[in-house]
Every structure is written in C-alpha cells, then in structure tokens.
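Here the structure comes first, spelled out in structure tokens, and everything after it is commentary.
Along the sequence shown, residues carry numbers from 1. Side-chain atoms are counted along with the backbone in the values below, which use heavy atoms only and exclude waters and symmetry mates.
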Amino acid sequence: DLRGPLSSISGYVEMELLSPGKTAEEKQALADMSEIVANMSASLKNLTAFGRMKELRKEKVCVREFMHSLVNILSYHENARDVWFRQNYDAARDFCVMAVRQDLQQAYFNILKNAVEALKGKHGPKIVEITAVASHGMCEIFISSNGASIPDEVMQKLFKQVVSGKSDGTGVGLIITHDLLAKNDISIEIKN
C-alpha cells in the first residue's frame, strides 16, 4: 500500500510549510509538492477501488437529475470557479436509464472534469455544455467545452493506451471511463 508512505510525505511537507524562514519560492515548491502528493494519493485510492469493485446492481437513473447533481458537485472544483455550465435537457427531461449509479457517477464526473480542465488558461467566457437528447428509447448525452482541443497524437491513443494531454494527468481516466460505460452498455465517442 503506497498511501501510507504518501501520507508520511504529505505530513512532512505540511510541517515544512509551517516552519519559519522559508522563502516565497520554497513555500510555493512545498505547496506544489503537497498538491502532487494529494493527487497521487487520490489516484491510487480510485485505482484500487476500481480494481476491487464488487458487482453493483443496476438501478433507475434519471438523466436530468443525475447530470444536474454532478454539475452541482463539479462547480466546487477549483478549475470550475468561472465556468458556465449550459444544460439542455428538453427532449430528455424525464428520461431514465437502468445502470449502476456509481459507475455513471465516476465516468461522467471524469468527462465533465476533463471538459472543465480543457478551459484552464482560456481568456473570455468558459462554457461547458451538456445536452441530452432522447429518441427511440435511447438517450444521447453530448458534453462539450469551448476549451483547448485534444492533440491528434493523444486522440489516436484514447481508450487504447495510457495517454494524457495534461502535464499532471495519469492517462488512465478515459480508459476507466470507457470501461465503466461499456459495463453499462453505454458507448462513448470523443471528437475535437
């Protein structure tokens, strides 16, 4: 278990941050290290939880309420502070699906978080748009942002290899997302 040593590192970094005599540059380096260690610990927790998942039962998940709840949670993410979430559910207002709620939460949270992170550093309005369209007993959910596109070399490897377009990315998020959705008979496509 790597979380124990990571907790020790985190504690040491926090103690160093509190000790007097640090320059602003040293404090920033320690703060960055603290964030990296916290992200590593969270990633490990998610990976081990994914590997140990027990079989969960499918339940009725209503799309509009489900996505609205995820947006509310994501709006507290540090990168989402000035992001406008445009939600369009007219055609799928009361549409529900049978799926494992935890799988959908993890998958769609990751997709929305990626959409928000694509807006990092963007000037002007930052918009993430979610549209749900229901027809013929099926529901399609479109999630887009007006942020940076995914580089072609990353796009070609998505869902197939560990790859990330983010400097601090692990490269496994979309592979896990794809697998969680497939487990619930949901397909995913990504386009720039």
(message) Once rounded to the nearest 0.5 Å, what's the spacing between atom CG of Asn110 and atom CD of Gln105?
(response) 13.5 Å

(message) Among Leu180, Leu70, Val97, which residue satisfies the side chain to side chain contact (heavy atoms under 4.5 Å, CB included) criterion with Leu104?
(response) Val97

(message) For residues Trp84 and Leu119: do they belong to one hydrophobic cluster (side chain heavy atoms under 4.5 Å, members Ile, Leu, Val, Met, Phe, Trp, Tyr)?
(response) no

(request) Identify the two heavy atoms, one from Leu30 and one from Lys22, that lie closest to each other, and give their separation to 0.1 Å. (result) CD1-CE, 3.9 Å

(message) Between Ser69 (side chain only) and Glu65 (backbone N and O only), is there a donor and an acceptor less than 3.5 Å apart?
(response) yes

(message) What's the separation between atom CG in Leu112 and atom OG in Ser75, rounded to the nearest 0.5 Å?
(response) 11.0 Å

(request) May I ask you to check whether over 12 heavy atoms, not counting those of His68, lie within 6.0 Å of atom NE2? (result) no

(request) Quick one: closest heavy-atom pair of Ala132 and Tyr89, and the distance? (result) CB-CD2, 3.7 Å

(message) Can you confirm whether Ile141 sits close enough to Ile130 that some side-chain heavy atom of one is under 4.5 Å from a side-chain heavy atom of the other?
(response) yes

(request) Report yes or no: does Asn146 contribute a side-chain atom to a donor-acceptor pair with the main-chain N or O of Pro125 at less than 3.5 Å? (result) yes

(request) I would like to know whether Asp152 and Gln156 meet side-chain hydrogen bond (donor to acceptor under 3.5 Å, both in side chains); could you show each step before the answer? (result) CA-CA 6 Å; Asp152 287 338; Gln156 294 169 5; 5.9 Å; no

(message) To the closest 0.5 Å, what do you measure between CD (Glu140) and OG (Ser135)?
(response) 6.5 Å

(message) Is there a continuous path of hydrophobic side-chain contacts, each under 4.5 Å between heavy atoms, that joins Met155 to Leu174?
(response) yes

(request) Nearest 0.5 Å please: distance from the CD1 atom of Ile176 over to the CG atom of Asp103. (result) 11.5 Å

(message) If we count only N and O atoms by modelled type, under 3.5 Å, do the side chains of Gln28 and Asp32 hold a donor and an acceptor together?
(response) yes

(request) Mind running side chain to side chain contact (heavy atoms under 4.5 Å, CB included) on Leu181 and Ile111 for me, showing each step along the way? (result) CA-CA 11 Å; Leu181 293 175; Ile111 294 166; 4.3 Å; yes

(request) Report yes if some heavy atom in the side chain of Met98 is under 4.5 Å from a heavy atom in the side chain of Asp185; otherwise report no. (result) no

(request) Work out which heavy atom in Ala115 is nearest to a heavy atom in Ile143; give both atom names and the distance. (result) CB-CG2, 4.2 Å

(request) Can you measure from CE (Met67) to CZ (Phe85) and round to the nearest 0.5 angstrom? (result) 10.0 Å

(request) Report yes or no: do Met33 and Leu17 belong to one cluster of Ile/Leu/Val/Met/Phe/Trp/Tyr joined by side chain heavy-atom distances under 4.5 Å? (result) yes

(request) Keeping the roles fixed (side chain from Ser19, backbone from Glu16), state whether a donor-acceptor pair exists under 3.5 Å. (result) yes

(message) Show the nearest heavy-atom pair for residues Glu14 and Ser34, with the distance to one decimal.
(response) OE2-OG, 2.7 Å

(request) Quick one: closest heavy-atom pair of Ser145 and Val128, and the distance? (result) CB-CG2, 4.0 Å

(message) Hydrophobic clustering (ILVMFWY, side-chain heavy atoms < 4.5 Å, transitive) - are Tyr108 and Ile127 grouped together?
(response) no

(request) Taking the side chain as every heavy atom from C-beta outward, state whether Leu74 and Val116 have any pair of such atoms under 4.5 Å apart. (result) yes

(request) Locate the shortest heavy-atom distance separating Lys126 from Gly121; write the atom from each residue and the value. (result) NZ-N, 4.4 Å

(request) Check whether any side-chain heavy atom of Phe142 lies under 4.5 Å from a side-chain heavy atom of Asn88, and answer yes or no. (result) no

(request) Look at the side chain of His136 and the backbone N and O of Met138, then say whether any donor-acceptor pair between them is shorter than 3.5 Å. (result) no

(message) Is the shortest side-chain heavy-atom distance between Asn114 and Ile190 below 4.5 Å?
(response) no

(message) For the NZ atom on Lys27, are there more than 12 heavy atoms of other groups (residues, nucleotides or ligands in this structure) within a distance under 6.0 Å?
(response) no

(request) Quick one: pull up NE2 in His178 and NZ in Lys183 and give me the separation to the nearest 0.5 Å. (result) 14.0 Å

